[in-house]
Asker: 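What follows is a structure written as structure tokens; I'll ask about it next.
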Amino acid sequence: ILAACAALFLAALPSPAHEGVELSPNGGRLVPFGEKTPLHAEILLRDGAFSVGLYDEDAKKELPATAAQELTVTERASGKKIPAEKKEGRWTLPKPAGKDFWLILQLRDGPGAKARTARLHYEEAICSECGEQEWLCRCGEKKGKKK
């Protein structure tokens with residue numbers, strides 16, 4: 001009986017992908033670079049590649065990457081570095097194989113500067129409520145506003 005109650009309780013909890021997902025004006029996923037940093041990464045997926053841009057602390061104004069800024073991206077499970085090419089103020093990198101993985105993004109303002117870290121959980125599963133892929137699902141945000 002206890003196991004059945006625990007299973008029902010866990011099934012009633014929202015999935016982690018439904019908590020606080022914020023989208024950019026371009027429809028990409030916004031992830032903060034740490035808690036005390038006034039920058040966000042905007043992550044878009046187009047033609048099998050991720051595009052990473054920067055947004056201000058309010059996540060309303062796009063900021064071009066400076067010539068000195070460096071972005072290092074790592075696929076968490078394998079530890080493999082993913083090459084990011086900077087072009088026209090944004091970075092482009094190939095999407096790793098798989099349908100569910102974490103990317104760790106480290107931004108440095110220049111060589112030797114302290115890294116700021118952002119994390120993206122990419123999940124292709126489709127949300128049953130909104131029909132979007134889980135990594136772009138905002139259902140949890142909408143539910144929170146209705147309370």
Side-chain angles (χ1 to χ4, degrees), residues 3 6-144:
L8 286 172
F9 173 75
L10 292 174
L13 292 175
S15 73
H18 285 99
E19 295 178 12
V21 172
E22 187 177 4
L23 299 182
S24 72
N26 296 324
R29 173 81 179 266
L30 286 170
V31 291
F33 276 107
E35 294 177 13
K36 298 179 181 179
T37 308
L39 282 178
H40 289 78
E42 174 197 43
I43 304 168
L44 299 162
L45 180 61
R46 295 202 174 117
D47 301 323
F50 286 113
S51 173
V52 179
L54 300 177
Y55 268 78
D56 67 0
E57 62 186 303
D58 298 321
K60 294 186 181 186
K61 181 181 178 193
E62 190 167 359
L63 306 170
T66 67
Q69 286 176 320
E70 302 170 351
L71 182 69
T72 303
V73 181
T74 306
E75 196 276 320
R76 187 173 77 178
S78 68
K80 182 179 176 182
K81 302 277 187 220
I82 302 168
E85 179 184 341
K86 191 184 323 179
K87 187 176 179 182
E88 298 176 10
R90 296 181 70 86
W91 290 272
T92 302
L93 54 130
K95 177 191 161 293
K99 297 180 178 191
D100 189 349
F101 53 83
W102 281 88
L103 293 180
I104 310 302
L105 297 87
Q106 293 185 307
L107 178 69
R108 287 184 170 77
D109 289 329
K114 185 177 178 181
R116 297 183 263 187
T117 304
R119 292 167 180 78
L120 170 74
H121 182 200
Y122 175 84
E123 186 179 0
E124 285 184 10
I126 303 297
C127 171
S128 61
E129 293 181 42
C130 68
E132 294 290 334
Q133 289 184 340
E134 290 289 350
W135 78 285
L136 295 171
C137 172
R138 291 176 59 173
C139 288
E141 180 181 289
K142 292 174 188 172
K143 289 177 190 170

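Side chains are part of it too, since the values below use all heavy atoms of this structure and drop only hydrogens, waters and symmetry mates.
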Asker: As a quick check of understanding, evaluate side chain to side chain contact (heavy atoms under 4.5 Å, CB included) for Ile82 and Phe50, giving each step before the final call.
Answerer: CA-CA 11 Å; Ile82 302 168; Phe50 286 113; over 6 Å; no
Asker: Are more than 12 heavy atoms from other residues, nucleotides or ligands located less than 6.0 Å from atom CG of Asp47?
Answerer: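 Atom CG in Asp47 is not packed in, count stays at 12 or less.
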Asker: Tell me, yes or no, whether the heavy-atom count around Glu124 atom CD, taken from other residues, nucleotides or ligands under 6.0 Å, exceeds 12.
Answerer: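 Counting other residues, nucleotides and ligands, CD of Glu124 exceeds 12 neighbours.
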Asker: If I compare all heavy atoms of Ala49 with all of Thr92, which pair ends up nearest, and what's the gap?
Answerer: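 For Ala49 versus Thr92, the nearest heavy atoms are CB-CG2, 4.1 Å.
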Asker: Given side chains that start at C-beta, do those of Asp109 and Arg116 come closer than 4.5 Å, heavy atoms only?
Answerer: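 Yes; the side chains approach each other to less than 4.5 Å.
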Asker: Answer yes if the side chains of His121 and Asp100 hold a donor-acceptor pair under 3.5 Å, and no otherwise.
Answerer: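 Distance-only check passes for His121 and Asp100.
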Asker: Check whether any side-chain heavy atom of Trp91 sits under 4.5 Å from a side-chain heavy atom of Val73, and report yes or no.
Answerer: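 No, their side chains stay 4.5 Å or more apart.
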Asker: Nearest 0.5 Å, what's the OG1-NZ distance between Thr74 and Lys81?
Answerer: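 NZ of Lys81 is found 3.0 Å from OG1 of Thr74.
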Asker: Keeping the roles fixed (side chain from His40, backbone from Asp56), state whether a donor-acceptor pair exists under 3.5 Å.
Answerer: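 Flag set: sc His40 to bb Asp56 pair under 3.5 Å.
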Asker: State, with a plain yes or no, whether a side-chain heavy atom of Arg138 is found less than 4.5 Å away from one of Glu132.
Answerer: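 Answer no - side chains too far apart.
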Asker: Can you give me the closest heavy-atom contact between Leu44 and Gly28, atom names plus distance?
Answerer: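 In this case the closest contact between Leu44 and Gly28 is CD2-CA, 3.1 Å.
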Asker: Please round to the nearest 0.5 Å and tell me the distance separating atom CG of Leu93 and atom OG1 of Thr72.
Answerer: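 OG1 of Thr72 is found 11.0 Å from CG of Leu93.
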Asker: Under 4.5 Å between any side-chain heavy atoms of Cys130 and Leu136, yes or no?
Answerer: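 No. Closest side-chain heavy atoms not under 4.5 Å.
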Asker: Hey, what do you get for CG (Leu30) to CG (Leu23), rounding to the nearest 0.5 Å?
Answerer: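 Between Leu30 CG and Leu23 CG, I get 7.0 Å after rounding to 0.5 Å.
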Asker: Is it true that a side-chain atom of Lys86 and a backbone atom of Ala67 form a donor plus acceptor pair closer than 3.5 Å?
Answerer: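 Present.
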Asker: Output the distance between atom CZ (Arg46) and atom CG (Asn26), rounded to the nearest 0.5 Å.
Answerer: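 It comes to 6.5 Å.
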Asker: Answer yes or no: is there a side-chain heavy-atom contact under 4.5 Å between Gln106 and Leu71?
Answerer: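 Side-chain contact under 4.5 Å: no.
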Asker: Would you name the heavy atoms of Glu134 and Cys127 that are closest together and state the gap between them?
Answerer: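 In this case the closest contact between Glu134 and Cys127 is OE2-CA, 3.4 Å.
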Asker: Is there a side-chain contact between Phe33 and Leu105, using heavy atoms and a 4.5 Å cut-off?
Answerer: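 When only atoms from C-beta onward are counted, Leu105 and Phe33 do touch, with a gap below 4.5 Å.
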Asker: Looking at CZ of Arg90 and CD1 of Ile43, how far apart are the two atoms once the value is rounded to the nearest 0.5 Å?
Answerer: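 Here the rounded value is 10.0 Å.
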Asker: Enter the distance from Glu70:CD to Arg108:CZ here, rounded to the nearest 0.5 Å.
Answerer: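 Separation between the atoms: 7.0 Å.
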Asker: I'd like to check the ring pair (Phe, Tyr, Trp, His ring centres under 6.0 Å) partners of Phe101; sequence neighbours left out, ordered by chain and number.
Answerer: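 So Phe101 forms a ring pair (Phe, Tyr, Trp, His ring centres under 6.0 Å) with Tyr122.
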Asker: Would you say Arg119 and Val31 make side-chain contact, with heavy atoms under 4.5 Å?
Answerer: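 When only atoms from C-beta onward are counted, Val31 and Arg119 do not touch, as no gap falls below 4.5 Å.
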